Amino acid sequence: MSAQPAPDSPAADSPWYRAGLKFSCTQCGNCCAGAPGYVWVSRDEIAALGALFNLSPDEFEARHTRKVGFRRSLLERRGGDCEFLRHDPDGKRRCGVYAARPVQCRTWPFWGSNLESADAWRYAGRGCPGIDKGEHHPLPVIQGVLELNAGRPL
């Protein structure tokens with residue numbers, strides 16, 4: 001049994017990942033593939049994605065998103081893969097819109113749901129081979145990502 005910090009100690013307000021976390025993308029494509037889900041996109045993200053294809057925001061929205069409630073999500077292929085996931089001859093899976101990928105994609109795996117607990121982080125790592133490997137991300141960087149995602153449904 002581990003000791004808990006005293007309620008008034010600095011560690012009491014610190015998240016479990018206060019020492020930072022390791023993550024490096026392996027380009028496995030697991031976060032872009034598999035079970036159906038949602039990649040939420042804002043109007044600004046739709047405009048940036050449209051620019052990659054020389055489409056107006058309205059054209060991109062009509063061709064590459066679906067309405068879910070009051071929001072928009074990128075389309076998926078049958079089976080759940082993101083329509084922009086590309087399969088390279090070398091076996092890597094890469095984002096076909098990497099330069100304009102949505103905030104949701106850019107901030108994986110540092111989502112609130114994955115950072116709720118060490119167990120949640122380990123669970124996310126079962127499907128993501130880059131979790132707990134590679135580059136160390138210090139607490140201020142992780143907190144900045146969480147602020148970027150504040151109010152976004154992830």
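These numbers come from a predicted model, not from an experiment.
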>> Could you check whether any side-chain N or O of Arg93 sits under 3.5 Å from a backbone N or O of His87, counting only pairs where one atom can act as donor and the other as acceptor?
In response: no
> Can you tell me if OH on Tyr17 sees more than 12 non-hydrogen neighbours from other groups inside 6.0 Å?
Replying inline: yes
> How many angstroms lie between OG1 in Thr107 and CZ in Arg101, if you round to the nearest 0.5 Å?
Replying inline: 9.5 Å
> Taking a hydrophobic cluster as the set of Ile, Leu, Val, Met, Phe, Trp and Tyr residues connected by side-chain heavy atoms closer than 4.5 Å, whether directly or through intermediates, do Tyr38 and Leu74 fall within one such cluster?
Replying inline: no
> So do Tyr123 and Ile131 actually touch side chain to side chain, heavy atoms under 4.5 Å?
Replying inline: no
>> Quick check: do Leu49 and Thr65 have side-chain heavy atoms less than 4.5 Å from each other?
In response: no
>> As an exercise, state the distance from CG of Leu85 to CD of Glu76, rounded to the nearest 0.5 Å.
In response: 11.5 Å
>> Can you tell me if Tyr98 has over 12 outside heavy atoms packed within less than 6.0 Å of its OH?
In response: no
> Any chance NZ of Lys22 has more than 12 other-residue heavy atoms, nucleotides or ligands included, within less than 6.0 Å?
Replying inline: no
> Closest approach of Gly69 and Lys67, non-hydrogen atoms and distance?
Replying inline: O-CE, 3.1 Å
> Below 4.5 Å, heavy atoms only, C-beta onward: do Ser24 and Glu135 meet side chain to side chain?
Replying inline: yes
> In the hydrophobic clustering (ILVMFWY, side-chain contacts below 4.5 Å, transitive), which residues join Phe70, or is it alone?
Replying inline: none
> Do any N or O atoms from the side chain of Arg63 and from the backbone of Phe60 form a donor-acceptor pair under 3.5 angstrom?
Replying inline: no
>> Restricting to non-hydrogen atoms, name the atom on Ala19 and the atom on His136 that form the minimum distance, rounded to 0.1 Å.
In response: O-NE2, 2.8 Å
>> Run the side-chain contact (heavy atoms from CB on, under 4.5 Å) test on Cys25 and Trp108 for me, step by step, so that the C-alpha distance in whole Å, both residues' side-chain angles and the decisive distance to 0.1 Å come before the verdict.
In response: CA-CA 9 Å; Cys25 181; Trp108 170 264; over 6 Å; no
> Between Asp81 and Arg86, is there a salt bridge with N-O shorter than 4.0 Å?
Replying inline: no
> Are Phe23 and Leu139 grouped together when hydrophobic residues (ILVMFWY) are joined by side-chain heavy atoms under 4.5 angstrom apart?
Replying inline: yes
>> We want to know whether Trp121 and Asp132 form a side-chain donor-acceptor pair, criterion being a heavy-atom distance below 3.5 angstrom.
In response: yes
>> For the OG atom of Ser117 and the CZ atom of Arg122, what is their distance to the nearest 0.5 Å?
In response: 7.5 Å
> CZ/Phe84 to SG/Cys95 distance, rounded to the nearest 0.5 angstrom?
Replying inline: 8.5 Å
> Got a donor-acceptor contact below 3.5 angstrom from the Asn114 side chain to the Ala124 backbone?
Replying inline: no
> Are Arg72 and Glu45 side-chain neighbours, meaning at least one heavy-atom pair lies under 4.5 Å?
Replying inline: no
> Heavy-atom distance under 4.5 Å between the side chains of His64 and Ile46, does that happen here?
Replying inline: no
> Okay, side chain of Asn30, backbone of Gly127: is any donor-acceptor separation there less than 3.5 Å?
Replying inline: yes
>> Hydrophobic cluster membership, with links at side-chain heavy-atom distances under 4.5 Å among I/L/V/M/F/W/Y: are Trp111 and Val141 in one?
In response: no
>> Rounded at 0.5 Å granularity, tell me how far CD1 in Ile142 sits from CG in Leu21.
In response: 4.0 Å
> Looking only at atom types and distance, does a side-chain atom of Asp90 sit under 3.5 Å from a main-chain N or O of Lys92, one as donor and one as acceptor?
Replying inline: yes
> Which atoms form the tightest heavy-atom contact between Pro129 and Cys28, and what is the distance?
Replying inline: CD-SG, 3.6 Å
>> Are Leu52 and Val39 linked, directly or through intermediate hydrophobic residues, by side-chain heavy-atom contacts shorter than 4.5 Å (ILVMFWY only)?
In response: yes
> How many angstroms lie between SG in Cys82 and CZ in Arg77, if you round to the nearest 0.5 Å?
Replying inline: 7.5 Å
>> Between Trp40 (side chain only) and Pro102 (backbone N and O only), is there a donor and an acceptor less than 3.5 Å apart?
In response: no
>> Run the side-chain contact (heavy atoms from CB on, under 4.5 Å) test on Gln104 and Val41 for me, step by step, so that the C-alpha distance in whole Å, both residues' side-chain angles and the decisive distance to 0.1 Å come before the verdict.
In response: CA-CA 8 Å; Gln104 179 176 339; Val41 286; over 6 Å; no
